[in-house]
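Have a look at the structure below, then the notes.
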Number of protein chains: 2
Amino acid sequence: MRADAQRNYDRIVEVAREVFREQGYDASLDEVAKRAGVGPGTLYRHFPKRENLIDAIMQSWVDRVDEAADKALAHEGSPRDLLLAWFEQYVALISLHKGGPAKITSAMCDDSSPIATKCQALTRATSRVLERLEAEGALREGVDVVQMCRLVGGVATVADQADLGTDDVQPLLGVVADGVLR
Amino acid sequence: MRADAQRNYDRIVEVAREVFREQGYDASLDEVAKRAGVGPGTLYRHFPKRENLIDAIMQSWVDRVDEAADKALAHEGSPRDLLLAWFEQYVALISLHKGGPAKITSAMCDDSSPIATKCQALTRATSRVLERLEAEGALREGVDVVQMCRLVGGVATVADQADLGTDDVQPLLGVVADGVLR
DNA sequence: CAACCATACGGAGACCGTCTCCGGTTAGCA
DNA sequence: TGCTAACCGGAGACGGTCTCCGTATGGTTG
């Protein structure tokens, strides 16, 4: 990649992160281009689809997912506490930007999605939590990772779109936890 | 209302129902106007916001909600069966059009929304089911109607956006049911 | 039945976002 | 220094939302 191309690429990602933080994942891409000081053509050449840009923004995010799982697993407490701790981390991670929960949850299991690797990071981290619960015999039969991600993702999506606060979200996660644990 | 206005109003609603069925709630409103043989101005005068049009389309829908609740309540079986039967009805009702689950679920509890009365019909029907379960002592403490609607709505939203089939949705509803029942 | 006017129509067009095409520019190399 | 492949970026096509305003018409009144 040529030096100027790399420069533009980095600048676009940086600016997009800022714009998406302010306006959510539906923000205008032309606005991103403008703020980055490049033409729309340049932006679309580097990132043909919006998802490609989101993917680029999320590069460092994968590490945070793993760290969050570590943190939840380190926490001592009942299986329910562990699960709830992870659910909260999960929701927080996918709700970083408005529109995120819907984008990420609907891309789950779609390997052709540009953000597929990001979804895999989430399912992998959730698996780690689930394995611990499994080992403790705290899990109901027939519960699998993808289901859990969809359930929690669904809660996060509703919370995101209806602008719910933590107080409204917590009980919902509680129900999901109860439905999944013995 | 003048006769020609009424004629146009009815025609727009009729056409919109058709277009939304084909293309979901995000369909172009200009297209609706065109197919209805009216100008965009006419459409927007009758329905200033997309939700107003959706609301008009859903006029008869409220009856179906009540009927669906009747049907679920008539069904004999365990509390879990009853709840699952209602959940499935619920999902089906709000998933009639693509984009519906998200629209309806995020309008829940927002009295200023044009489709507020429709949401109320849903919560009312859900209440009836919940009261029955309550009377049977099958419900956990601290579960309220809105939470349930959000949970099921969340599942429906994910299913809608990720194009999930019934086979994928059913287990999710099962988890919610287990989380809500004793 | 004619005249009037409040009401409603509808299309031109402003505005915004997406995305492409292509003439011009430039980095990197020989 | 000069060449060329790679890259830039802006003009503009396209499609959607929504408004404004000149025009048409339904309904009423004398």
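Please read all numbers here as calculations on a predicted model, not as lab measurements. Every chain is numbered from 1 and lettered A, B, ... according to where its sequence line falls, protein lines coming before strand lines.
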May I have the distance from B:Gln6 (atom CD) to C:dA8 (atom P), rounded to whole angstrom? 11 Å
OP1 or OP2 of C:dT26 sitting under 4.0 Å from any side-chain N/O of A:Arg2? no
Does the side chain of A:Lys103 come within less than 4.5 Å of A:His97's, by heavy atoms? no
Check whether any side-chain N or O of A:His46 sits under 4.0 Å from OP1 or OP2 of D:dC7, and answer yes or no. no
Look at A:Ser28 and C:dC16 and indicate whether a side-chain polar atom (N or O) is within less than 4.0 Å of OP1 or OP2. no
Where A:Ala116 and A:Asp111 come nearest, the two heavy atoms and their spacing: CB-O, 3.7 Å
With a 4.0 Å cutoff (strictly under), does any side-chain N or O of A:Thr42 reach OP1 or OP2 of D:dC7? no
Can you tell me how far P of C:dG10 sits from CZ of B:Arg35, to the nearest Å? 18 Å
Are side-chain N/O atoms of A:Ser28 and A:Asp30 paired as donor and acceptor at under 3.5 Å? no
Under 6.0 Å from the CZ atom of B:Arg128, do we count more than 12 heavy atoms belonging to anything else shown? yes
Specify the separation, in whole Å, of atom CG of A:Asp4 and atom P of C:dG28. 7 Å
Touch class at under 4.0 angstrom, heavy-atom based, for A:Arg45 against every strand present: base
Enumerate the residue pairs fulfilling salt bridge (Lys or Arg N to Asp or Glu O under 4.0 Å) with a member in residues 146-173 of chain B, sequence neighbours excluded, ordered by first and then second residue. B:Lys98-B:Asp160
When we call it a touch if two heavy atoms are under 4.0 Å apart, what does A:Asp30 touch: a base, just sugar-phosphate, or nothing? base
Value in whole Å for how far the P atom of D:dC8 lies from CZ of A:Arg11: 14 Å
Taking for each residue the nucleotide of DNA chain D bearing the nearest heavy atom, is the 5' side occupied by B:Gly41 or by B:Ala3? B:Gly41
Roughly, in whole Å, what's the span from CG in A:Asn8 to P in C:dT25? 17 Å
Between C:dA8 atom P and B:Met1 atom CE, what is the distance in whole Å? 7 Å
Under 4.0 Å, heavy atoms only, any strand: does A:Ala27 hit a base, just the sugar-phosphate, or nothing? sugar-phosphate
How close or far is atom P of D:dT19 from atom CG of B:Leu29, stated in whole angstroms? 12 Å
Distance in angstrom units between A:Gln23 CD and C:dC16 C1', rounded: 13 Å
